[in-house]
Number of protein chains: 2
Amino acid sequence: MSEQSAPVAPSDAQQLLATLRLDRSSPVPLYFQVAEALEKAITEGVLPPGTRLDNEILLAEQLGLSRPTMRRAMQYLVDKGVLVRRRGIGTRVVQPKVRRPLGLSSLYEDLAASGQKPTTTVLSLKVEPATAELAATLGVEPGSEISVLVRLRSAAGRPIARMCNYLPHTISGLAEALDAEALERQGLYQVIRSVGVQLHAADQTIGARTATAEEAKLLGERRGAALLTMQRTAFDDHGRIVEFGSHLYAASRYSFALSMLA
Amino acid sequence: MSEQSAPVAPSDAQQLLATLRLDRSSPVPLYFQVAEALEKAITEGVLPPGTRLDNEILLAEQLGLSRPTMRRAMQYLVDKGVLVRRRGIGTRVVQPKVRRPLGLSSLYEDLAASGQKPTTTVLSLKVEPATAELAATLGVEPGSEISVLVRLRSAAGRPIARMCNYLPHTISGLAEALDAEALERQGLYQVIRSVGVQLHAADQTIGARTATAEEAKLLGERRGAALLTMQRTAFDDHGRIVEFGSHLYAASRYSFALSMLA
DNA sequence: TAGTGGTCTAGACCACCGA
DNA sequence: CGGTGGTCTAGACCACTAA
C-alpha cells in the first residue's frame, strides 16, 4: 500500500514484434539484433519507462527463438542498465534518468555532444629517453626511448585542456604511427587502435590543484585558478602499458561526468 | 617475430582441478563456484599471469560440467577483467596491473585501505522544505519535505571532506532510518540499503574550484586552496531518485581513483 | 588443417514472488 | 498456488586464428 506500482502495459511488445525482422543470415548475432530492436523501441518511446515486458519464454516463441537466445538479449540490456529483472516479478523498462551512457565521458565526446566543435593542436611531439620516474610508470628501462606528446584541446575558440602523453616503444608500429596531422584529426586512441592494439583497461586518477602562472596563461585562466588533473595508464590485452597520460583541465569550464551501475 | 608470445603453462590447470570440489547441493551456482576457484588460483599464483587455460570444452568435461556452465564461469571472469579470450587463440590470465577493482573507489574505502581510519561527524541532520532548485534535482514538488544531512569526514585526525546529502521522503521508512549515530557508524549507503532500497545507478560529476574562507577553515586548508567537488544522484531499481549529494574534498590530500575496462 | 571461442537450440529443474 | 527469472544440460554449426 505504501508504494504505487509503476505503469504497466500488458502486451505492448506486440507492436514491436510486428516490426521486428530477424536476419538469420546476417553476421550480426540474433541476440544482438533482438537487443538492438528492443533498445530502439525503448528509446523511441514504443516501450515507455515502467513497461513490463512479457516473460522471456513467451517472447522467445513469439520471435521464433530459443529461450537462451532471448534471455541473452534481455541480459545484455540489463547489463547496460536499460532493463531491470527480478525473479518472480518480471522484467521492466527503467526510468530514462538512469540510462546515461556508462563510464567516464571523455572531453571530446562531451564537447562534441554539447555542439561545440573541439579542436586539437599538437604543441610538441618528440622521442626522448625516459626519466627514471617515467620509466617506472611505463614499465620500461630508464633511458629507453619513449614518445612524448603534448597537445592543447580547445573548444569555442578557447583553450580548455593541456594533455601530455608518454608512450613506450614496446609496441611495434606505434611510434611510427604517431603523426601530428593524424593526431589533430582523429585523436590518440584511434591512432593506437589503428596499429592493431586492443585497449583492455585503464587506471585513472582525478585530482585538483591551483594553476601556476605558466599554466594559467596557456589555459586562459587567472593565476591560482582551480585546475582539474587527470592521470591515466592504459593497458592492452596482454597487460602491457600502452600509454601514460597526464592532463590538465580548466575547472571553470570543464568537469568529468561519470555514470555507473551499482 | 616482432612480439614474443607470453609465457604458457600447458596444463597447469590440473593442479586446480585436483583441489576443486563442486558442491551440487549448494545454493551457490556451479558457474560461480568454478569462477571463484579459478580466481583464487589466479590471485594465489597457482595460475600466473599469461597462463593459457585449457579450452572450455576440455575444462568442462574435467570438472564434470556442461560447456555452457564452464563457459559462463569463464565469461564472468572476463567481464571482471581477470581473463582475456580471443577466438581462435584461447583464454589467458591477464597481467595483475590490469586487475584493480573496477569502478570509482569511495573515500572510505581508500582511506581504510591505506590504514588510516576515517571518522565521520554529523554536523547537521534536519527535515526542511525543498527549495525550487533542490526539488527539481530530486524530482519532487517544491516545498515538500526532504532530509538534509551535512557530515564531516576526517582521516588521521584531519578533516578531509564535507558532504551534504539531500533525501526526498518518497521512499517509505528512509527518513525514519536516518539517525546521527547510525550514520557515523555505518555510512549513508548502508543505512539506505537497510530499509530495503536496491541501489541501481548513479550519475556523478567531478569538478574543482577554489575554497571560500569558510570552507578553507572547515577543511584546514588555506583560503583559495583547490577543492575537488563531487555531485551525485543515486537511483533505485524503479528509477526513483534516492539521494542527491554535493561533496567537497581537500584536493591536497584527496583524489579519485577510477578503474575501467575498455 | 586443426583448434579455439562465438552462437544457437530444445529441453529440464529449481528458487523466489505475489495473490 | 501459478508465474517469473536463475540455473543447467548435451548436443550442434560457424568464424576466426595459427601453423
Side-chain angles (χ1 to χ4, degrees), chain A residues 1-6 8 10-11 13 22-36 51-79 83-93 196 198 237-238, chain B residues 1-6 8 10-11 13 22-36 38 51-79 83-94 196 198 237-238:
Chain A
M1 203 56 84
S2 60
E3 304 182 20
Q4 192 174 351
S5 98
V8 170
S11 245
L22 294 178
D23 180 0
R24 300 188 92 94
S25 68
S26 162
V28 178
L30 287 176
Y31 82 89
F32 194 74
Q33 293 183 39
V34 176
E36 273 193 321
T51 307
R52 167 133 182 268
L53 268 58
D54 289 334
N55 69 62
E56 55 194 35
I57 297 175
L58 190 55
L59 282 175
E61 69 186 26
Q62 284 170 338
L63 289 173
L65 294 171
S66 70
R67 183 186 169 197
T69 302
M70 189 61 220
R71 182 176 175 71
R72 184 164 179 188
M74 297 172 85
Q75 192 57 50
Y76 173 84
L77 293 178
V78 169
D79 293 341
L83 297 179
V84 177
R85 323 189 72 179
R86 304 252 285 240
R87 171 153 47 179
I89 306 290
T91 305
R92 310 173 71 99
V93 179
Q198 294 267 2
D237 270 359
H238 308 295
Chain B
M1 203 58 82
S2 59
E3 304 183 18
Q4 192 173 351
S5 98
V8 170
S11 244
L22 294 178
D23 180 359
R24 299 188 92 95
S25 68
S26 162
V28 179
L30 287 175
Y31 82 88
F32 194 74
Q33 292 184 38
V34 175
E36 273 193 320
L38 261 179
T51 307
R52 167 135 181 264
L53 268 58
D54 289 334
N55 70 63
E56 56 194 34
I57 297 176
L58 190 55
L59 284 175
E61 68 187 27
Q62 285 170 338
L63 289 172
L65 294 170
S66 71
R67 183 187 168 194
T69 302
M70 189 61 220
R71 183 176 174 72
R72 183 164 178 188
M74 298 172 85
Q75 192 58 49
Y76 173 84
L77 293 178
V78 170
D79 293 340
L83 296 179
V84 177
R85 325 189 72 180
R86 303 251 282 238
R87 171 153 45 178
I89 305 290
T91 305
R92 310 174 70 100
V93 179
V94 307
Q198 293 268 1
D237 270 0
H238 309 295

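Bear in mind the structure is a predicted one, so any value in this text is a computation, not a measurement. Per chain, numbering begins at 1; letters A, B, ... match sequence-line order.
Residue contacts for A:Arg72: at a heavy-atom cut-off of 4.0 Å it reaches the sugar-phosphate backbone alone, with no base atom in range. When heavy atoms are screened at a 4.0 angstrom cut-off, B:Pro68 is found touching base atoms of the nucleic acid. Residue A:Arg86 is classed as a sugar-phosphate contact, given heavy-atom separations below 4.0 Å to backbone atoms only. When heavy atoms are screened at a 4.0 angstrom cut-off, A:Arg71 is found touching base atoms of the nucleic acid. Heavy atoms of A:Ile57 sit nowhere under 4.0 angstrom from any nucleic acid atom.
Looking at B:Asp237 and A:Arg86, a side-chain N of the basic residue comes within less than 4.0 Å of a carboxylate O on the acidic one, giving a salt bridge. The pair A:Arg67-A:Glu61 does not meet the salt-bridge criterion, since no charged nitrogen lies less than 4.0 angstrom from a carboxylate oxygen. Using a cut-off of 4.0 Å between Lys/Arg side-chain N and Asp/Glu carboxylate O, B:Glu56 and B:Arg85 are scored as salt-bridged.
Protein chain A touches strand DNA chain D; the 5'-most and 3'-most nucleotides with an atom under 4.0 angstrom of its non-hydrogen atoms are D:dG3 to D:dT7.
A:Arg92 has its CZ atom 16 Å from the P atom of C:dC17, to the nearest Å. Across the protein-nucleic acid pair, B:Leu58 atom CG and C:dT4 atom C1' stand 12 Å apart, rounded to whole Å. To the nearest angstrom, C1' of C:dA15 lies 5 Å from CZ of A:Arg87.
Looking at which nucleotide of DNA chain C each of B:Gln75 and A:Leu65 is closest to, the 5′-most match is held by B:Gln75. Between A:Arg85 and A:Gly88, the residue anchored nearer the 5' end of DNA chain D, judged by the nucleotide with its closest heavy atom, is A:Gly88.
Among residues two or more places apart in sequence or in another chain, the ring pair (Phe, Tyr, Trp, His ring centres under 6.0 Å) test is passed with A:Tyr76 by A:Phe32. For A:Arg87, there are no side chain to side chain donor-acceptor pair (under 3.5 Å) partners two or more places apart in sequence or in a different chain.
A pairwise comparison of heavy atoms in A:Ala35 and A:Leu77 identifies O-CD1, 3.7 Å as the closest pair.
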